[in-house]
Participant: 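Structure incoming, see below.
To find a chain, count down the sequence lines: A is the first, B the second, and so on, and within it residues start at 1. All values below were derived from every heavy atom in this structure, side-chain atoms included, with hydrogens, water molecules and symmetry-related copies excluded.
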Amino acid sequence: MPMDKTFNAAEAEARIYAAWEKSGAFKAGANASRPETFCIMIPPPNVTGSLHMGHAFNNTLQDILTRWHRMRGFDTLWQPGQDHAGIATQMVVERELAKEGNLSRREMGREKFLDKVWEWKGQSGNTIINQLKRLGASCDWSRNAFTMSGAPNAPEGEEGNFHDAVIKVFVDLYNKGFIYRGKRLVNWDPHFETAISDLEVEQVEVDGHMWRLRYRLEGGETFDYVETDADGNETFRETRDYLTVATTRPETMLGDTGVAVHPEDARYRHLIGKHVILPLIGRRIPIVADDYADPTKGTGAVKITPAHDFNDWGVGSRCGLRAVNVMTTRAGMWLKDNADFAEGCDSDGLARVIEALDGSDRYEARDWIVQTATEEEWLDGIDKDRHMVPHGDRSKVAIEPYLTDQWFVDTAKIVGPALDAVRDGRTKILPEQHEKVYFHWLENIEPWCISRQLWWGHQIPVWFGPYRADDMDPAGGSFKQFCAPTEAEAVALAQAYYGIDAVTVGTGPSGKMELVEGRYVLGHGATPTIARDPDVLDTWFSSGLWPIGTLGWPEETPELQKYFPTDVLITGFDIIFFWVARMMMMQLAVVDQIPFHTVYVHALVRDEKGKKMSKSLGNVLDPLELIDDYGADAVRFTLTSMAAMGRDLKLSKDRIAGYRNFTTKLWNATRFAEMNAALCRDVVGTEAARKPDAKHTVNRWIIGEVARVRMAVDEALASYRFNDAANTLYAFTWGKVCDWYVEFAKPLMDGDHAAETRATMAWVLDQAFILLHPIMPFVTEELWGLTGDRAKLLVHADWPDYGADLIDENADREMNWVIG
RNA sequence: GGGCGGUUAGCUCAGCGGUAGAGCACUACGUUGACAUCGUAGUGGCCACUGGUUCGAUCCCAGUACCGCCCACCA
């Protein structure tokens, strides 16, 4: 039965993928015939996720490298898995619960909610895996990993030890002094009510206002406000009894504890040390000198709100200003029962703002304050102002700098080795331009806030208890920390610390301290209770351990010994900081080895206008639809051909259609060979891997072309020039084999050269299938199966290594004369 | 404010110290026995601009313009 005229991708792909899996073709070490290993760690997609174009691109490149190495006989592992994605997943599940009219997260409580999340993961967690299979990804799915596997509340079927690895690393880094807890200003997401890291904040330019407020000097004092030009000539003079400050967030004035001016600013320096009276509440706040105040900006005088602004926090600590928090975790105003806030305020003013604003949203408070300032004439003016406002990257709401206790990784202490490894070339980042970005970020690294006020994640393995009498925290107020991998070990630490066995575990640390003979001791009869920190770790803390965690660390598994350090990490530049830099730091800190020797950073897949594809913009191309329409091979080949380093790629359907046609072209060249009994199965004595002994110029020429393309493809892939590999193969297959060789071969199918031509054609096509296989595995697999008895071998096809010795210069010359 | 990238055919993009390349689109012709998801032939470019290096620059260097991105911040 003759071949169909086209490759039926829709029918064949699922069948072929199932056959690959059934044969174990993707298992670690499959087809290994040499000692070298090759290992790629998949960037774990969110377990809530579904395949988008970026995944398709990223995984196509990984699959090409993986298949190429596997075919060459490397002991190969492409390690798959998913990330639990704390905020994203919690968000999705909460939304689902709301849709179904369930209890809210808080109503159902932590344990029940986590059960729901696991349930949800069980239902939809395989979505992305199945989608990756449709792409043709040759991962070893039997090793599929999950960043929450083995967590205490994980259900049946979620065994694994990733959780153990995460907890062990936390404990290790804690004991080494690389992790600490501190009260600091953090980026607070009022929607999710959690701290987030600097990286999870995105600056969004918004139309806003700059309001100028007048703060009266204490005691009705006046001064002459004088402006001068560059030459020192007076340009303006006015007697004032106030200072004007400017702000884009008037509601924060309730937390002001100072006004800063530059120490050299002639307009104000004589006022340093005096006080102004905060409108509304009458708080008396000092005028302080600090370089932060820039005489050229605004009015030169800056209101200082240490509890709600990062810069102001710095000024406050330099100048000894207290921090007054006036907001709730939902960014409403917190004024009632707020002792810090009430301190130093006049009682009438206090009562008034509490009445008007307590509990109200920050933006309502802003409006009220502006309106009141207008009515009471301490609003100096309003300017329209377009400025950047920090937003949560998930919640899309404006974040608030917020004063809380959080856990931090002291990144400065572990960043050195990660910098050195790239500086000395043990790890290369391609394209090189990204190394600069990597260096710049790491050289200026800030402490990493790793605690999140979420439920879905690895709970922080620290239990709090009261301080012992002879070990009081000099700062006071804090709790003794017991950091241990398990509750039992934490209790043991506590027992040792308190010197008694009767330590209980509760929901809040307790145990009374009493003053006895000048020393604090645990109260008579009171037994100390310790309680675990309810917070969880930043998702990236666990995914930062992906390379060792997926290979079984801390156990010395054979896979860990064999495949670590891994070889190449393929990822988009958008997570260099989130993930790559942290994997470098963490692997080096934990096992003192680089996680991979090469980082290939690819560009983003964008829409036709060059915008990042995103659901909210509605400009996404769905790779699965494209696979349905054009076949996985066409999608893969398109992405590969556009994968030039360092430049974003914009997808068009026309282009994909073009590469779908390419698969048809290859298919039909094979069909021609079939009609002429010029396939491997037809050619007696021809083993696909052996070059036929050809005499005719055309045959000698095409054999040389095959050798050339094999060398070019290897060279391209070895240097990660995926587009070169694809375009070389395209030009070879279509431009050389189909346009010229098949045409020249037609008349040779009868006559003296018939046998050698058939053998040559069979060999050429066979080689084309092999060389194309990493990029378009489905159609080549199908063709391979059709053309010979090698179907079962195909997945393990041996990659050829012939070279220049197959090139026949004389044949080249003759053919070039004909082809031109 | 700091940094990075881009500007090449109508469109999307490769490339490169020495007659400018691909795909798509377009034009004309073609039911040749692999393929109309095709074939043959063709149209189409001062390679952003200005200087410099060079025997020679689209390519290297400097600057300009516009576009895009990243980081930091604007009280």
Participant: So what does A:Trp734 touch, heavy atoms closer than 4.0 Å: a base, only the sugar-phosphate, or nothing?
Facilitator: sugar-phosphate

Participant: With both distances kept under 3.5 Å, what pairs with B:C69, Watson-Crick or G-U wobble?
Facilitator: B:G3

Participant: Specify whether A:Phe662 and A:Tyr659 have parallel, tilted or perpendicular ring planes, treating 30° as the upper limit for parallel and 60° as the lower limit for perpendicular.
Facilitator: perpendicular

Participant: With respect to the side chain of A:Asn668, which nucleotide from B:C38, B:A34, B:G5 is positioned closest?
Facilitator: B:A34

Participant: Distance check: side-chain N/O of A:Lys297 vs OP1/OP2 of B:A75, anything under 4.0 Å?
Facilitator: no

Participant: Just call it for A:Thr6: base, sugar-phosphate, or nothing, with non-hydrogen atoms closer than 4.0 Å on any strand.
Facilitator: base

Participant: Starting at the 5' end of RNA chain B, which residue's closest nucleotide do you reach first, A:Gly298 or A:Val201?
Facilitator: A:Val201

Participant: Between the base of B:C35 and the side chain of A:Lys665, is there a donor-acceptor distance below 3.5 Å?
Facilitator: yes

Participant: Should B:G30 form a Watson-Crick or G-U wobble pair with both distances under 3.5 Å, which nucleotide is its partner?
Facilitator: B:C38

Participant: Please give the distance between the C1' atoms of B:A75 and B:C70 as a whole number of Å.
Facilitator: 25 Å

Participant: Just checking A:Glu227: does its CD atom have more than 12 heavy atoms from other residues, nucleotides or ligands closer to it than 6.0 angstrom?
Facilitator: yes

Participant: Using whole Å, what does the distance between atom C1' of nucleotide B:A9 and atom CG of A:Asp654 come to?
Facilitator: 16 Å

Participant: What's the closest nucleotide to the side chain of A:Phe573 if the choices are B:U37, B:A34, B:C69?
Facilitator: B:C69

Participant: Examine the base of B:A34 for any acceptor or donor lying under 3.5 Å from a partner atom in the side chain of A:Glu743, and report the outcome as yes or no.
Facilitator: yes

Participant: Between the main-chain N or O of A:Leu321 and the side-chain N or O of A:Thr257, is there a donor-acceptor pair closer than 3.5 Å?
Facilitator: no

Participant: What verdict does the side-chain contact (heavy atoms from CB on, under 4.5 Å) test give for A:Asp393 and A:Val201, after you've listed the backbone C-alpha separation in whole Å, the side-chain angles of each residue and the deciding distance to 0.1 Å?
Facilitator: CA-CA 6 Å; A:Asp393 63 351; A:Val201 175; over 6 Å; no

Participant: Sort out the partner of B:C74 for me: Watson-Crick or G-U wobble, both distances under 3.5 Å, none otherwise.
Facilitator: none

Participant: Quick one: look up who B:G44 pairs with, Watson-Crick or G-U, both distances under 3.5 Å, and put none if it's unpaired.
Facilitator: none

Participant: Could you give the CE-to-P distance, from A:Met761 to B:A34, as a whole number of Å?
Facilitator: 10 Å

Participant: Testing the 3.5 Å rule here: is there a donor-acceptor pair between the side chains of A:Thr252 and A:Lys303?
Facilitator: yes

Participant: Of the listed nucleotides (B:C74, B:G5, B:A75), which one gets closest to any side-chain atom of A:Asn311?
Facilitator: B:C74

Participant: If pairing requires Watson-Crick or G-U wobble contacts with both distances under 3.5 Å, which nucleotide is the partner of B:C49?
Facilitator: B:G63

Participant: Check this one for me: any side-chain N or O of A:Arg655 less than 4.0 Å away from OP1 or OP2 of B:C24?
Facilitator: no

Participant: Using purine N1 to pyrimidine N3 plus N6-O4 or O6-N4 for Watson-Crick, or N1-O2 and O6-N3 for G-U wobble, both under 3.5 Å, which nucleotide pairs with B:C24?
Facilitator: B:G10

Participant: When you compare B:A48 with B:G39, how far apart are their C1' atoms, in angstrom units rounded to a whole number?
Facilitator: 38 Å

Participant: Kindly say whether the aromatic ring centers of A:Tyr600 and A:Phe722 come within a distance under 6.0 Å.
Facilitator: yes

Participant: Just how far, in rounded Å, is P of B:C71 from CD of A:Glu202?
Facilitator: 9 Å

Participant: Side chain of A:Lys436: nearest nucleotide among B:C71, B:A75, B:C4?
Facilitator: B:C4

Participant: Let me know the distance between CD1 of A:Ile656 and P of B:A22, rounded to the nearest Å.
Facilitator: 22 Å

Participant: Would you please test A:Tyr215 and A:Asp256 for side-chain contact (heavy atoms from CB on, under 4.5 Å) and show each step?
Facilitator: CA-CA 11 Å; A:Tyr215 290 0; A:Asp256 282 5; 2.7 Å; yes

Participant: Determine the Euclidean distance between corresponding C1' atoms of B:G44 and B:A36; express it in Å to zero decimal places.
Facilitator: 25 Å

Participant: It should be established whether A:Asn444 places a side-chain nitrogen or oxygen under 4.0 Å from OP1 or OP2 of nucleotide B:C71.
Facilitator: no

Participant: A:Thr664 side chain: which of B:C73, B:A75, B:C35 is closest?
Facilitator: B:C35

Participant: When the C1' atoms of B:G68 and B:C46 are considered, how many whole Å apart are they?
Facilitator: 26 Å

Participant: Using the C1' atoms only, state how far B:C38 lies from B:G33, rounded to an integer number of Å.
Facilitator: 14 Å

Participant: Rounded to whole angstrom units, what separation is found between the CE atom of A:Met210 and the C1' atom of B:C73?
Facilitator: 12 Å

Participant: Is B:A57 paired to anything, Watson-Crick or G-U wobble with both distances less than 3.5 Å, and if yes, which nucleotide?
Facilitator: none

Participant: Provide, to the nearest angstrom, the distance between the OH atom belonging to A:Tyr730 and the P atom belonging to B:C13.
Facilitator: 18 Å

Participant: Would you mind telling me which residue lines up with the more 5' stretch of RNA chain B, A:Thr296 or A:Met642, judged by nearest nucleotide?
Facilitator: A:Met642

Participant: Please state the P separation for the pair B:C67 and B:A62 - nearest whole angstrom.
Facilitator: 23 Å

Participant: By the 4.0 Å heavy-atom rule, please label A:Ala293 as base, sugar-phosphate, or nothing.
Facilitator: base

Participant: Counting only side-chain heavy atoms from C-beta out, which of B:G39, B:A34, B:C24 sits nearest to A:Asp739?
Facilitator: B:G39

Participant: State which of B:A34, B:A14, B:U37 makes the closest approach to the side chain of A:Arg660.
Facilitator: B:U37

Participant: Which one, B:C71, B:A34, B:A14, comes nearest to the side chain of A:Asn723?
Facilitator: B:A14

Participant: For B:U58 and B:G15, measure between their C1' atoms and round to the nearest Å.
Facilitator: 10 Å

Participant: Does the side chain of A:Trp667 get closer than 4.0 angstrom to OP1 or OP2 of B:C38 through an N or O atom?
Facilitator: no

Participant: Find the distance A:His434:NE2 to B:G3:C1' and express it as a whole number of Å.
Facilitator: 13 Å

Participant: Under 4.0 Å from OP1 or OP2 of B:A34: is there any side-chain N or O of A:Lys746 that close?
Facilitator: yes

Participant: Hunt down the Watson-Crick or G-U wobble partner of B:U19, both distances under 3.5 Å, from any strand shown, or write none.
Facilitator: none

Participant: Hey, does A:Ala669 reach any base, or is it just sugar-phosphate, or nothing, if we go heavy atoms under 4.0 Å?
Facilitator: base

Participant: What integer number of Å spans the P atoms of B:C60 and B:U43?
Facilitator: 30 Å

Participant: Assign A:Thr248 to base, sugar-phosphate, or nothing according to its heavy-atom contacts below 4.0 angstrom with the strands shown.
Facilitator: sugar-phosphate

Participant: Let me confirm one number: the CG-CD1 distance from A:Asp198 to A:Ile445, rounded to the nearest 0.5 Å.
Facilitator: 9.5 Å

Participant: Parallel, tilted or perpendicular: which describes the rings of A:His696 and A:His753, with under 30° parallel and over 60° perpendicular?
Facilitator: perpendicular

Participant: A:Met388 has an atom CE; how far is it from atom C1' of B:G2, in whole Å?
Facilitator: 14 Å

Participant: Does B:C35 have its OP1 or OP2 closer than 4.0 Å to a side-chain nitrogen or oxygen of A:Lys5?
Facilitator: yes

Participant: Between B:G5, B:C35, B:C70, which nucleotide gets closest to the side-chain atoms of A:Phe577?
Facilitator: B:C70

Participant: Honestly, is A:Lys746 close enough over A:Phe672, meaning NZ or CZ under 6.0 Å from the six-membered ring centre and within 45° of the axis?
Facilitator: yes

